[in-house]
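Note sheet for the following structure.
Every chain is numbered from 1 and lettered A, B, ... according to where its sequence line falls, protein lines coming before strand lines. All of these numbers come straight from a predicted model, not from anything done at the bench.
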Amino acid sequence: MRPFPYLAAASAAFVVAGQAAAQTRTVESSPFVIHEIAADPTVRNAKKGEPLLVQPVTASRAARLEVDAPTLFKSKTQSFAAGTAMFGSYDEATGRWLWCAVAESKAKWWAGDEFACYEDLDADGRFDTVRPSGAPFLGVPLFVFSPGAAKPLPTPVPYSRIDFANGPKTEYALSWRADRPRAKADQPAPKVEAIAVTPAMGPNASPIGSAATVKLDGQETGRVFFRGAEIEILGFEPDGSVRYRVLKGLPRQVGRVTMTMTTSYTTVPIYIPG
Amino acid sequence: MTPLLLLLTLGQAEPAAPTPPAPPSPVEAVDPTPDRLTWEELPASLRALAEPMIGRKSFQSVVTVETPVDADSAARTVAYGDLLLRQTVRPAAAVRLKDAPNGKPGKYGPAGALLWQARDGEGDHWCWRDPAKAQSNVYCLRDKEADGRFDVLYENTLQKWGAISRFLVTWRGKDEGLQAPVAYEPATEVPPYSETIAVRYVGPGTGRVTDDGRVVDGVAGFELVVVAAPNTPAPKGNALVTVVGGPARFEPLRRLPVRLDAEGRGEWKDVSGLRFFVDRVSVDGDATVRLVSGLPTGEGVLNPPLTREALLEDLSEFLDASGKPKATAAP
């Protein structure tokens, strides 16, 4: 919302203190699927910042280009080759599915890649338009929050649906944090009392949910159950890393996140003498 | 407008104030095998917080449901975004102003204006908005002393921004300050508002995915929505909901999360009379459903009071038997 001018009689011009306001937009992400990996109960060690568990995640729908397709917007990638895999993202504004392939963006003011998202307007198996995806929410490649305007393709581009497991992938990870009391001077470091586990997604391991805290016993051991995964905590090293093993990985499952963006703005009325 | 802050919430949206209160309706569960909690299993502190919410009548318009729906004779497939049913609702009753509140007919309604009925735990309210404006605040008045004169006036500014419905309000708003009581009289007609409400399928929420792509032990997302039809021009002064151009738009009234069992089946049934079965939800979005009943025709509200069972259903997706988030340590 831009500042707007008033016209008022007499007096000198003056600016009234602005009024702040905010608008919140909430969009449900399209469903994503966390895929299973082979069980591996070997004892592992995760340093601070390293996840306990990483599994691949895809969107719940996928497609493949049958011919080359142009992007038609400012992007390092001018076209996608036939055979490129794309993920499905439901657009609430249009009631249609977008099919998105990742492109590198020329824009410098956000991190992450921008995608080209194609639409089949008449459901005839050929894309008719292409839209920029907008910045992926939290930098997670599968989260299209606010796609841009559509441009018609010079010619329709045929595509085909494929198994969603073969669509573009990113990572679903379980981050962790050790909770221990503050150390006192001249005292040995206190034991870790709990471990907080947070789900994360994407190349930057962006948190996508609240941390769940698990209390450990006096030996700094315990078990974490999270969305069907079972992780045994075996202890902590002097460098702060955690020793553990994955007894059960995450079973194949669907998930979603609620994406909320709050935009703050200030309106400043300016009085100008008439 | 500069984006200043990105927020992520799990399950519940964090609305910017002011926002009408809504019961918690998470989409993403912490654990895909939700067992239903009992009231006694909730921590005492949580019970104390939850108790006032039980049976609370939230502020909302009182409607007449005009169109019945037939039960499905067999299960059918609905795609992501499809509607299970549509029904037409109108204001249930109205009164007429005998004078303009605060002497401002353009802002609060002129003498003779029809006000539609809304209700909350305090009783009836009567609401008005400027029919000549596509976007406008809603003003609701209440006769606390039941003496034929309104003595309190509320302003709802939320309805102005992006809301589809013209008369389905869910927030009373703030006290606007009524300078003097305003007389009113019963009306035999209601404002000419008519809305289409629908049950919409919005895809799988959480759950395990079987080898054949079925979602089990999870939640499927459905919503009760207001539908705005596309390509309907708005004659000047017409008070009906209109959208010029574009696809149909949907404004959620409340969420209907359907719990899926180990076979991927579930049922929605609530005190409003709405009831349907879910036979299967595919991870790629389609669902197989069977409608048993829609909203009964006649007078009612679209958001029934929260029941203990519905609250436990919501909380069970996040909390274990000790009232803690479901990622816990084994003994």
Side-chain angles (χ1 to χ4, degrees), chain A residues 1-2 21-24 26 28 30-31 33-35 60-62 88 90 92-97 137-138 161 164 194-195 197 199 206-217 222-230 232-233 251-265, chain B residues 1-17 19 26-33 79-82 161-162 202-211 213 215-221 246-250 281-285 318 320 324-331:
Chain A
M1 185 177 293
R2 293 172 295 170
Q23 280 188 341
T24 295
T26 297
E28 210 71 55
S30 295
V33 180
I34 305 167
H35 294 268
S60 63
R61 291 192 177 194
Y90 187 79
E92 270 295 335
T94 62
R96 287 190 293 269
W97 285 87
F137 191 76
L138 290 183
R161 292 282 301 275
F164 63 87
I195 186 168
V197 175
S206 303
I208 60 162
S210 305
T213 301
V214 174
K215 278 193 175 174
L216 303 176
D217 62 22
R223 284 200 187 177
V224 175
F225 296 88
F226 191 84
R227 296 188 72 125
E230 185 178 347
E232 185 178 22
I233 305 300
R252 190 166 78 154
Q253 59 192 271
V254 65
R256 300 175 79 162
V257 296
T258 303
M259 308 183 288
T260 299
M261 182 182 292
T262 297
T263 305
S264 299
Y265 58 88
Chain B
M1 211 187 297
T2 303
L4 294 180
L5 180 65
L6 294 180
L7 299 175
L8 172 72
T9 60
L10 176 63
Q12 291 187 26
E14 289 287 338
T19 308
V27 171
E28 183 173 40
V30 172
D31 192 302
T33 54
Y80 193 128
D82 276 0
W161 303 109
V202 292
T206 61
R208 280 191 305 108
V209 180
T210 62
D211 290 342
V215 178
V216 301
D217 291 326
V219 174
R249 291 167 56 212
F250 307 100
V281 171
S282 296
V283 68
D284 66 358
F318 286 114
D320 62 19
K324 294 178 183 173
K326 279 193 170 175
T328 57

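B/Val215 touches chain A through its side chain: at least one heavy atom from C-beta onward sits under 4.5 Å away, while N, CA, C and O do not. In this structure, no portion of A/Glu230 lies under 4.5 Å from any heavy atom of chain B. Within the 4.5 angstrom heavy-atom criterion, no atom of A/Ala62 approaches chain B.
Contact detail for A/Ser30 and B/Tyr80: the closest heavy-atom pair is CA-OH, 4.4 Å. Considering all non-hydrogen atoms of both residues, B/Val209 and A/Val33 come closest at CG2-CG1, 4.5 Å. For the residue pair A/Arg61 and B/Gly285, the shortest heavy atom distance occurs at NH2-CA, 4.2 Å. Of all non-hydrogen atoms in B/Asp284 and A/Trp97, the two that sit nearest each other are O-CZ2, 4.3 Å.
Remark: the backbone N or O of B/Gly205 is not paired with any side-chain donor or acceptor of A/Arg256 at under 3.5 angstrom. Within the 3.5 Å criterion, the main-chain N or O of B/Thr210 finds a donor-acceptor partner in the side chain of A/Arg252.
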